[in-house]
Amino acid sequence: MEKSATDRLTEVQAEIDKACRIARRRPEDVTLIAISKTHPAAAIAPLLEAGHRVFGENRVQEAQGKWPELREKFPDTKVHLVGQLQSNKADDAVAEFDCIHSLDRPSLVKALGKAFDKAGRQVPCFVQVDIGEEEQKGGCAIADLPSLLEQAREADIPVIGLMCVPPLGIEPAPYFALLAKIADDHGLDGRSMGMSSDYPTAIMLGATHVRVGTALFGERNTSA
Ligand SMILES: *Cc1c(COP(=O)(O)O)cnc(C)c1O
């Protein structure tokens with residue numbers, strides 16, 4: 001029989017607890033973000049019913065379609081944006097999400113600053129760092145980070161940490177360690193790092209937010 005999403009949630013939480021024990025960290029200092037992109041509301045509901053409240057999506061439009069109804073039933077739910085954000089969708093993102101993990105460029109700092117003013121609401125942000133210096137991926141170049149953080153401060157954007165997606169197919173630990181060090185250097189507490197294949201490692205290296213999709217929901221449809 002296939003495992004249910006709630007069985008998987010229990011397993012992932014046990015892995016998180018184990019990594020925390022090894023690293024001598026408190027499990028409550030690690031937030032599990034259940035990445036529900038591509039999965040329908042019917043797949044998400046069991047996790048909500050099991051008491052999980054923090055989710056992540058990578059597309060504004062998809063979240064707008066799925067979450068209003070789910071939030072009505074579970075109003076204390078937090079939905080994080082973990083995908084790239086176009087500046088022209090900043091207003092929609094501020095209305096829909098409780099945290100944004102993909103702040104990565106000056107134009108988005110401007111757009112979010114304006115969107116916060118307009119909405120009268122501020123959403124905590126992670127600055128995404130292009131930790132593997134891969135041009136095609138989102139994220140701010142490490143060299144540009146100090147100036148981007150300064151611009152975010154000037155625009156009154158609450159930056160709570162750094163986020164990364166390490167290069168595929170290589171050992172991610174050195175990249176997690178590097179992100180943690182850069183966060184330290186800038187006095188930022190939040191580290192959004194670790195996905196299904198590597199979240200225990202990320203926790204041992206200081207992750208405060210792990211973004212786990214496949215290990216909770218199963219494989220995604222590859223077309224999405
Ligand atoms: C999809 C996604 C995840 C989750 O990936 P899994 O390997 O399914 O756990 C995490 N972070 C980001 C930015 C994603 O887009």
Side-chain angles (χ1 to χ4, degrees), residues 2-16 19 30-40 43-44 46-47 52 54-63 65-67 78-86 89 93 96-105 108 123-140 160-173 175-176 178-180 183 190-224:
E2 224 203 309
K3 270 185 217 163
S4 70
T6 45
D7 291 343
R8 290 191 177 119
L9 177 64
T10 306
E11 284 178 8
V12 169
Q13 273 165 346
E15 286 292 315
I16 291 173
V30 178
T31 300
L32 170 62
I33 306 172
I35 306 294
S36 48
K37 66 188 186 199
T38 78
H39 297 290
I44 300 170
L47 290 191
H52 194 73
V54 189
F55 293 82
E57 293 284 344
N58 70 336
R59 291 197 179 132
V60 177
Q61 226 178 337
E62 187 184 335
K66 285 195 302 210
W67 279 98
K78 305 286 181 204
V79 185
H80 294 220
L81 176 66
V82 301
Q84 287 200 33
L85 177 58
Q86 291 170 285
K89 298 234 174 92
E96 191 62 41
F97 294 100
D98 302 288
C99 185
I100 293 170
H101 290 241
S102 48
L103 177 58
D104 65 353
R105 58 191 191 278
L108 191 53
V123 176
C125 293
F126 287 85
V127 170
Q128 183 175 352
V129 177
D130 181 13
I131 202 76
E133 311 204 296
E134 297 173 286
E135 276 187 11
Q136 76 285 7
K137 259 195 200 158
C140 167
I160 60 167
L162 301 181
M163 177 272 211
C164 75
V165 181
L168 275 178
I170 354 176
E171 168 57 47
Y175 297 100
F176 294 151
L178 179 58
L179 191 79
R191 295 104 203 262
S192 167
M193 56 189 197
M195 317 200 318
S196 290
S197 56
D198 52 25
Y199 64 93
T201 307
I203 289 168
M204 288 188 228
L205 290 162
T208 59
H209 294 70
V210 291
R211 309 180 309 265
V212 178
T214 309
L216 291 170
F217 294 101
E219 292 293 330
R220 283 181 292 275
N221 215 323
T222 45
S223 63

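Each ligand, and each atom within it, is numbered from 1 in the order the structure gives. As a basis for the values below, the full set of heavy atoms in this structure was taken, side chains included, without hydrogen atoms, waters or symmetry mates.
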Next item on the list: Scan residues 203-219 for pairs that pass side-chain hydrogen bond (donor to acceptor under 3.5 Å, both in side chains), counting only residues two or more places apart or in two chains.
Entry: Ser192-Arg211
Note to self: Any side-chain to backbone donor/acceptor pair from Ser4 onto Asp7? Under 3.5 Å, distance only.
What the structure shows: yes
Next item on the list: Answer yes if the side chains of Trp67 and Glu57 hold a donor-acceptor pair under 3.5 Å, and no otherwise.
Entry: yes
Checklist line | CG/Leu168: more than 12 non-hydrogen atoms of other groups inside 6.0 Å | finding: no
Return a table of N or O atom pairs, ligand 1 on one side and protein on the other, at distances under 3.5 Å, rounded to 0.1 Å.
unit_1, atom_1, unit_2, atom_2, d
ligand 1, 8 (O), Thr214, N, 2.8
ligand 1, 8 (O), Thr214, OG1, 2.5
ligand 1, 8 (O), Arg220, NH1, 2.8
ligand 1, 8 (O), Arg220, NH2, 3.2
ligand 1, 9 (O), Ser196, N, 3.0
ligand 1, 9 (O), Ser196, OG, 2.5
ligand 1, 9 (O), Gly213, N, 2.8
ligand 1, 11 (N), Arg211, NE, 2.9
ligand 1, 15 (O), Lys37, NZ, 2.7

Checklist line | Side-chain (Lys78) to main-chain (Ile33) donor-acceptor, under 3.5 angstrom | finding: no
Next item on the list: Check for a donor-acceptor pair, side chain of Lys89 on one end and backbone N or O of Gln61 on the other, with a separation under 3.5 Å.
Entry: no
